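Below, all heavy atoms of this structure are taken into account, side chains as well, without hydrogens, waters or symmetry copies. Just so you know, these numbers come straight off a predicted model, no measurement behind them. First listed ligand is number 1; within each ligand, the first listed atom is number 1.
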Amino acid sequence: MSEATPLYKRVLLKASGEALMGEQGFGIDVTVADRIASDIAEARALGVEVGVVVGGGNIFRGVAVASRGGDRVSGDHMGMLGTVINALALATSLRKIGLDCEVLSAISMPEICQSFSQRLALHHLGRGKVVIFAGGTGNPFFTTDSAAALRAAEIGAEAILKGTQVDGIYSADPKKDPHATRYETLTHDEVLQKGLAVMDVAAVALARENSIPIIVFSIHEQGAFARIVTGGGRATIVNDR
Ligand SMILES: Nc1ncnc2c1ncn2[C@@H]1O[C@H](COP(=O)(O)OP(=O)(O)O)[C@@H](O)[C@H]1O
Ligand SMILES: O=c1ccn([C@@H]2O[C@H](COP(=O)(O)OP(=O)(O)O)[C@@H](O)[C@H]2O)c(=O)[nH]1
């Protein structure tokens, strides 16, 4: 690994739930969780404090229930519980390689993990622990992208690194439009005005209000997380400055 100096003291990684299922159609591929853990370890070795919001799309999405005529709120509760399962899997992968971490959940389940509070999160981060934020925002009708923007603001993260299925923000969804072109940089306003759906509107707006840059990169590319915290790597940077 390079001796590069990190650009940030503290970042928030949004780890895609869907990425965690790897080639499987559902659930968690432990090899993917282990790889994401080793990427986080590289950033920690550079001295960067890391908070992680995990998605849940590999397990459950509330909108899927609603689209079949079911109850959206119950569906979202199931989705949030899915993020807790993912958080526990990622914590296991981190501990396996000797990284100290804590899972803090927006929904209290004290037998399983600690409950989220800003104070506790700052306490753990300040002691060098990776903090995994589970349970999204704790509210239905939100997404884990919004949870990422919220937790980033609460912990004073200098950037949100959205590790997703694609390597940046495109003029249209690159999975649907083969002619979509990739942006190197954008402002928060441009993402919203152009309707670029890589992240939901609430999340981008919250990041904009708090002047937090968003960096979109492929979580499938090994080592990308550490490269980005040192100012390299392939990504789209959303920043207003
Ligand atoms: N303009 C766009 N640029 C890049 N990706 C886009 C765009 N519009 C839609 N997408 C899609 O958004 C997905 C990320 O959305 P999301 O549901 O938040 O995934 P996850 O949280 O699992 O990373 C990408 O994988 C991509 O297919
Ligand atoms: O604050 C939140 C975060 C998540 N969810 C639910 O949890 C699911 C999984 O989260 P998300 O879709 O954001 O996961 P990702 O796309 O990152 O895998 C969502 O579809 C919602 O049903 C929710 O209700 N509130």
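Near ligand 2, heavy-atom contacts under 4.0 Å come from K14, G17, E18, G55, G56, G57, F60, R61, G62, D76, G79, M80, G136, T137, N139, P140, F142, T143, T144.
Minimum interatomic distance between L120 and S115 (heavy atoms only, all atoms of both residues): CD2-O, 3.6 Å. Nearest heavy atom pair, residue A235 against residue I215, reads CB-CG2, 3.6 Å. Scanning all heavy atoms of the two residues, the minimum distance from P6 to L46 falls at CG-O, 3.4 Å.
Between the side chains of D240 and S211, no donor-acceptor pair is found at a separation under 3.5 Å.
Protein heavy atom in closest approach to atom 27 (O) of ligand 1: D173 OD1, 2.8 Å. The nearest protein atom to atom 23 (O) of ligand 1, hydrogens excluded, is given as T164 OG1, 2.6 Å; this is a heavy-atom distance. For atom 22 (O) of ligand 1, the nearest protein heavy atom (residue, atom name, distance) is S16 OG, 2.7 Å.
Listed by atom number, the atoms of ligand 1 under 4.0 Å from G168 heavy atoms are 4 (C). For ligand 1, the atoms lying closer than 4.0 Å to a non-hydrogen atom of K175 are 25 (O), 27 (O). Listed by number with element, the atoms of ligand 1 under 4.0 Å from a non-hydrogen atom of D145 are 18 (O). Atoms of ligand 1 lying under 4.0 Å from any heavy atom of K14, numbered from 1 in the order shown and given with element: 21 (O). Short contacts between ligand 1 and V198, defined as distances under 4.0 Å to a heavy atom of the residue, involve ligand atoms 4 (C), 5 (N), 6 (C), 7 (C), 8 (N), 12 (O), 14 (C), 15 (O), 18 (O). Annotation for ligand 1: atoms under 4.0 Å from non-hydrogen atoms of I169 are 3 (N), 4 (C).
Checking only distances, Y170 does come within under 3.5 Å of ligand 1, N or O to N or O.
A salt bridge links K9 with E49; the closest basic N to acidic carboxylate O contact falls under 4.0 Å. A salt bridge between E18 and R61 is present, with a side-chain N of the basic residue lying under 4.0 Å from a carboxylate O of the acidic one. A salt bridge does not link R227 with E42: every distance from a Lys NZ or Arg NE/NH1/NH2 to an Asp or Glu carboxylate oxygen is 4.0 Å or more.
Residue contact annotation: A172 has a non-hydrogen atom under 4.0 Å from ligand 1. At a 4.0 Å cut-off, at least one heavy atom of P174 sits close enough to ligand 1 to count as contact.
Comparing Q165, E18, K162 by heavy-atom distance to atom 16 (P) of ligand 1, the nearest is K162.
To the nearest 0.5 angstrom, F225 atom CZ is 4.5 Å from L13 atom CG. In this structure, the separation between CD1 on I219 and CG on D167 is 13.5 Å, given to the nearest 0.5 Å. One distance of note links CG of L90 with OG1 of T83; it measures 12.0 Å at 0.5 Å rounding.
Counting heavy atoms of neighbouring residues, nucleotides and ligands inside a 6.0 Å radius, atom CZ of F60 exceeds 12 of them.
Residues F116 and F133 place their aromatic rings such that the two centres sit under 6.0 Å apart.
Counting heavy atoms under 4.0 Å from ligand 1, residue M199 does not touch it at all. Heavy atoms of T143 found under 4.0 angstrom from ligand 1: none, in either backbone or side chain.
Within the 3.5 Å criterion, the main-chain N or O of F142 finds no donor-acceptor partner in the side chain of S146.
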